[in-house]
Amino acid sequence: MTTKDWQLWAKRPEDEMKCNVERINGNLPEMESTKQLVQLISGIYEPGMSVLDVGCNVGHYLLGLRKKLPTLDYTGVDAYEIYIKTAKEAFANDKHANFEVKDILKPIFPETPFDISYCCNVIIHLPDFRNPIKNLLSSTKNVCFIRTLFGERTSIVKIPEKDIFDIDGNPLDYYYYNTWEKNYFSDFVETLGWKTEFIKDEFNPQLIKNEYDNIKQNKGTTIMNQKQMIGNIIANWEWAKLTPV
């Protein structure tokens, strides 16, 4: 795989999986988004349904799902082999879990779609959502949950990891932190024969602030005026529930 300038997971995989490994090992608390994901899936799950986690990293969301749904048929995919290898080791004794290397920018499981799919905190870091959403929905039968940034207008943001730029002012080492206008997103989803329901992101601000201050050493997401922020950017997280029309 050719690594793009914006693919920080490929360039620094150890850094990007560190906290999630600590969550699996019980050294860090469960993410707030995990708690809500479990609620969303539990509300529609029926025995025998299959669940697909796209952009699973090391499988940390599965840990939360197992507390509520111990025999859920789960498959996690990620584009980077180091994450899948770590996930397989962490969940080696889980008979109902499977992990595979799959890239959201390419077809995932179009021939054998899953009852439920979800993709958390991934679309935000991609240059565009349209092809990834096509790939997600072609691998989904009933419901797809997306967690990313939505707002009243689209903002394409490149956050430099270092202040190194080319002659035209483009960062040479960066990642995307994009917000998509809701109607633009839902109108595109409708062209694929699906509809969108937006769901408010639920979180405990104090828990996020404590993790930022005391564990992540002032890196990542913090809280200001009850809003999530990274650096000087407001992170307006929401969930999109996609279902066939």
Side-chain angles (χ1 to χ4, degrees), residues 9 13 16-126 132-148 194 199 201-202 239-244:
W9 305 274
E16 299 308 314
M17 64 189 264
K18 187 184 304 180
C19 287
N20 294 331
V21 169
E22 290 299 299
R23 295 186 202 283
I24 290 175
N25 293 336
N27 299 323
L28 281 182
E30 186 175 63
M31 291 195 304
E32 292 295 279
S33 58
T34 300
K35 298 173 185 177
Q36 189 169 8
L37 175 69
V38 172
Q39 291 178 352
L40 292 171
I41 291 182
S42 298
I44 61 173
Y45 177 80
E46 295 179 4
M49 282 186 168
S50 56
V51 175
L52 175 63
D53 177 356
V54 179
C56 68
N57 199 271
V58 297
H60 49 291
Y61 279 104
L62 176 58
L63 205 62
L65 288 168
R66 278 289 176 256
K67 296 176 183 177
K68 186 81 172 181
L69 303 167
T71 61
L72 175 144
D73 178 9
Y74 168 97
T75 294
V77 300
D78 201 286
Y80 306 109
E81 189 172 354
I82 184 172
Y83 301 141
I84 296 302
K85 180 177 181 294
T86 304
K88 286 182 176 180
E89 293 171 353
F91 294 95
N93 296 323
D94 191 326
K95 297 179 181 179
H96 302 283
N98 175 56
F99 294 92
E100 297 187 32
V101 176
K102 295 276 188 178
D103 190 343
I104 193 173
L105 300 178
K106 301 176 182 179
I108 309 168
F109 293 105
E111 305 301 324
T112 55
F114 288 68
D115 295 294
I116 302 169
S117 69
Y118 65 88
C119 180
C120 298
N121 314 344
V122 175
I123 300 296
I124 178 179
H125 297 305
L126 304 179
I133 292 296
K134 283 183 181 178
N135 293 332
L136 278 165
L137 294 184
S138 69
S139 298
T140 307
K141 293 180 186 177
N142 302 321
V143 182
C144 177
F145 291 107
I146 308 290
R147 184 179 186 264
T148 193
W194 293 64
I199 301 171
D201 189 62
E202 299 176 357
W239 295 82
K241 179 183 179 181
L242 312 184
T243 53

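Computed from a prediction, not measured in an experiment: that's the story for all the values here. If you read the sequence from its start, that first residue is 1, and numbering goes on from there.
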> Can you tell me if Asn121 and Tyr61 form a side-chain donor-acceptor pair at under 3.5 Å?
Replying inline: yes
> With distance as the sole test, does Asn135 use its side chain to make a donor-acceptor pair with the main-chain N or O of Lys106 at under 3.5 Å?
Replying inline: yes
>> Can you pull out every salt bridge (charged side-chain N to carboxylate O under 4.0 Å, His left out) where at least one residue sits in residues 90-99? Sequence neighbours excluded, please.
In response: Arg66-Asp94
>> Using only atom types and a distance under 3.5 Å, with no angle test, would you say the side chain of Thr34 pairs donor to acceptor with the backbone of Glu30?
In response: no
> Are Lys18 and Glu22 within salt-bridge range, i.e. N to O under 4.0 Å?
Replying inline: no
>> Between Phe99 and Tyr74, is the ring-ring contact (aromatic ring centres under 6.0 Å, His included) condition met? List the steps.
In response: CA-CA 9 Å; Phe99 294 92; Tyr74 168 97; 5.6 Å; yes
>> Restricting to non-hydrogen atoms, name the atom on Ile82 and the atom on Thr86 that form the minimum distance, rounded to 0.1 Å.
In response: O-OG1, 2.8 Å
> Do you know which two heavy atoms are closest between Thr71 and Tyr45, and how far apart they sit?
Replying inline: O-OH, 4.5 Å
>> Taking the side chain as everything from C-beta on, heavy atoms only, tell me whether Trp239 gets closer than 4.5 Å to Asp201.
In response: yes
> Any sub-3.5 Å donor-acceptor pair from Asp78's side-chain atoms to Tyr83's backbone N or O?
Replying inline: no
> Just wondering, do Val54 and Val122 contact through their side chains at under 4.5 Å, heavy atoms?
Replying inline: no
> Can you tell if the side chain of Glu100 reaches within under 4.5 Å of the side chain of Ile84, non-hydrogen atoms only?
Replying inline: no
> Just by distance, do the side chain of Arg23 and the backbone of Pro29 share a donor-acceptor pair under 3.5 Å?
Replying inline: yes
> Which heavy atom of Tyr118 sits nearest a heavy atom of Asp53, and at what distance?
Replying inline: OH-OD2, 2.9 Å
> What are the two closest heavy atoms between Ser42 and Lys68, and how far apart are they?
Replying inline: OG-CG, 3.2 Å
> Tell me, do Cys144 and Ser117 make a side-chain contact under 4.5 Å, heavy atoms counted?
Replying inline: yes
> For Phe109, is the NZ or CZ atom of Lys102 found under 6.0 angstrom from the centre of its six-membered ring and inside 45 degrees of the ring axis?
Replying inline: yes
>> Looking at Asp115, is its backbone amide N or carbonyl O close enough to the side chain of Ser50 to form a donor-acceptor pair, meaning the two atoms are under 3.5 Å apart?
In response: yes
>> I'd like to know if Lys35 pairs up with Glu202 as an ion pair, taking the criterion as any Lys NZ or Arg NE/NH1/NH2 lying under 4.0 Å from an Asp or Glu carboxylate oxygen.
In response: no
> side-chain contact (heavy atoms from CB on, under 4.5 Å) between Val21 and Leu28: does it pass, once the steps are laid out?
Replying inline: CA-CA 9 Å; Val21 169; Leu28 281 182; over 6 Å; no
> Got a donor-acceptor contact below 3.5 angstrom from the Asp103 side chain to the Leu105 backbone?
Replying inline: yes
> Judged by atom type as modelled, is there a donor-acceptor pair below 3.5 Å linking the side chain of Ser138 to the main-chain atoms of Pro110?
Replying inline: no
>> Restricting to non-hydrogen atoms, name the atom on Val58 and the atom on Asn20 that form the minimum distance, rounded to 0.1 Å.
In response: CG2-CB, 3.5 Å
